[in-house]
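Here it is: the structure, laid out below.
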2 protein chains.
Amino acid sequence: MTTATSPRDLAHPARDQIRLETVLHALSDPMRLRVVRELAAADGEVACSYIELPVTKSTTTHHFRVLRESGVIRQAYRGTAKMNGLRRDDLDALFPGLLDTVLSAADAQAARQGTA
Amino acid sequence: MTTATSPRDLAHPARDQIRLETVLHALSDPMRLRVVRELAAADGEVACSYIELPVTKSTTTHHFRVLRESGVIRQAYRGTAKMNGLRRDDLDALFPGLLDTVLSAADAQAARQGTA
DNA sequence: GACGTACTACGATGGGTATCGTACGAGGCG
DNA sequence: CGCCTCGTACGATACCCATCGTAGTACGTC
């Protein structure tokens with residue numbers, strides 16, 4: 001939309017604007033990597049509140065925004081809830097295998113330590 | 001000199017100390033990603049001075065240290081030169097496919113823009 | 001020993017960022 | 001409408017980090 005720019009309009013980068021460095025940076029934070037893993041496990045739309053992190057709500061909002069602005073997740077309001085989902089299609093098209101490899105690596109690391 | 005902890009002794013993390021988040025963070029910097037790509041292309045030991053970056057020597061040293069301390073590269077002195085090589089064996093063992101996938105993603109992104 | 005090269009160490013600086021607390025807006029439900 | 005929940009915005013804070021310049025150390029060579 002050209003006009004209103006409601007606070008409910010969420011800015012997402014277009015597919016060709018997604019940068020590898022930015023994606024890697026987004027994934028390099030423990031909290032965000034955890035979010036991505038849970039989104040991958042859920043495999044669908046998940047509300048922010050569904051994912052519990054050991055930080056305050058403010059910080060959680062911040063991490064979700066970083067993930068969205070880096071192009072890793074897609075967000076949309078649905079009533080009061082905000083639904084989140086991985087941008088698998090875009091990421092797979094841009095960087096084939098990257099998401100799955102990172103997820104596998106995270107699983108492997110979690111299995112190695114008890115941090116599953 | 002057995003013990004002295006000479007400044008020529010370089011600290012590397014053991015394989016099981018390498019953390020995925022740290023590796024991703026190391027790779028999320030454009031300069032460092034560039035270094036890793038060049039090391040992968042060279043496929044062998046390369047001196048620091050062989051890789052030219054648009055930053056000062058100090059900054060280059062900093063990036064090489066981050067890469068070493070994250071477990072991405074191995075460094076060793078060889079005369080006055082400092083040789084660098086990817087820790088392919090360790091990375092592939094810990095996170096199968098990760099390095100190659102990231103390298104492919106970087107190539108793809110470079111090809112898309114003229115930044116090869 | 002003297003010199004040049006390769007890289008480092010240290011301090012400074014400016015910008016990013018993870019975290020929090022509090023105050024606020026939007027939507028559903030009684 | 002009143003209220004609760006979900007999530008945001010904003011300011012503050014403390015920390016991390018990419019960058020630089022300068023001074024210094026280790027090594028090879030003459």
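The figures that follow rest on heavy atoms only: side chains count, while hydrogens, waters and symmetry mates do not. All chains are named by letter (A, B, ...) in the order of the sequence lines, taking the proteins before the strands, and each is independently numbered beginning at 1.
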Heavy-atom donor-acceptor pair, A:E21 side chain to B:D29 backbone, under 3.5 Å: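 Answer holds: no.
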Given D:dA18, D:dG7, C:dA18, the nucleotide with the shortest approach to the side chain of B:H62: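 Nearest listed nucleotide: D:dA18.
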Nearest-angstrom distance from the residue atom CZ of B:R32 to P of D:dC17: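 After rounding, the reported distance stands at 8 Å.
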B:Q17 side chain vs B:A14 backbone, donor-acceptor pair below 3.5 Å: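 Here the side-chain-to-backbone pair exists.
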A:D29, nearest nucleotide to its side chain (from D:dA18, D:dC20, C:dA18):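 In terms of side-chain proximity for A:D29, the closest of D:dA18, D:dC20, C:dA18 is C:dA18.
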Atom pair distance, as rounded to whole Å: CG in B:L53 and C1' in C:dC7: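 Value for this atom pair: 14 Å.
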side-chain N/O B:R65 vs C:dC7 OP1/OP2, d < 4.0 Å: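 No, because none of the side-chain N or O atoms of B:R65 sits under 4.0 Å from OP1 or OP2 of C:dC7.
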Exercise: do A:T56 and A:T59 side chains pair donor with acceptor under 3.5 Å: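 Yes - a donor-acceptor pair under 3.5 Å links their side chains.
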Under 4.0 angstrom between B:T59 side-chain N/O and D:dA18 OP1 or OP2: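 For D:dA18, OP1/OP2 do not have a side-chain N/O of B:T59 under 4.0 Å.
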B:K57 side chain, from C-beta outward: closest of D:dC17, C:dC7, C:dA18: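 Within the option list, the nearest is C:dC7.
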Whole angstrom value for the distance that separates P of D:dA26 from CE of B:M83: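 Computing the B:M83:CE to D:dA26:P distance gives 21 Å.
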Along DNA chain C (nearest heavy atom to each residue), the more 5'-positioned of A:T56 and A:R78: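 Between the two, 5'-proximity favours A:T56.
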Quiz item: A:T61 side-chain donor-acceptor pair to D:dA9 base, under 3.5 Å: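 Answer is no: no donor-acceptor pair is held.
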Nucleotide D:dC17, atom P - distance to CG of B:L67 in whole Å: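 Checked: the CG to P distance equals 13 Å.
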Atom pair distance, as rounded to whole Å: CD in B:E69 and C1' in D:dC17: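 From B:E69 CD to D:dC17 C1': 13 Å.
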A:L10 side, atom CG; A:R68 side, atom CZ - distance, nearest 0.5 Å: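 Answer rounded to 0.5 Å: 4.5 Å.
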Rounded distance in Å - CG (A:L10) to P (D:dG7):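 Spelled out: CG on A:L10 to P on D:dG7 is 12 Å.
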Check: C:dT5 base within 3.5 Å donor-acceptor of B:S49 side chain: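 Such a pair does not exist between side chain and base.
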Pairwise side-chain contact, A:S70 with A:I18, heavy-atom cut-off 4.5 Å (strictly under):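 No. Closest side-chain heavy atoms not under 4.5 Å.
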Whole-Å gap separating P (D:dC16) and NE2 (B:H25):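 Those two atoms, NE2 and P, are 11 Å apart.
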Any donor-acceptor N/O pair under 3.5 Å between D:dT22 base and B:S58 side chain: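 Present.
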Integer-rounded Å distance: D:dT5 P and A:Y77 OH: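 Interatomic distance, OH of A:Y77 to P of D:dT5: 19 Å.
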Shortest side-chain distance from B:A81, nucleotide among C:dA18, D:dC20, C:dA6: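 Per side-chain heavy atoms of B:A81, the pick is C:dA6.
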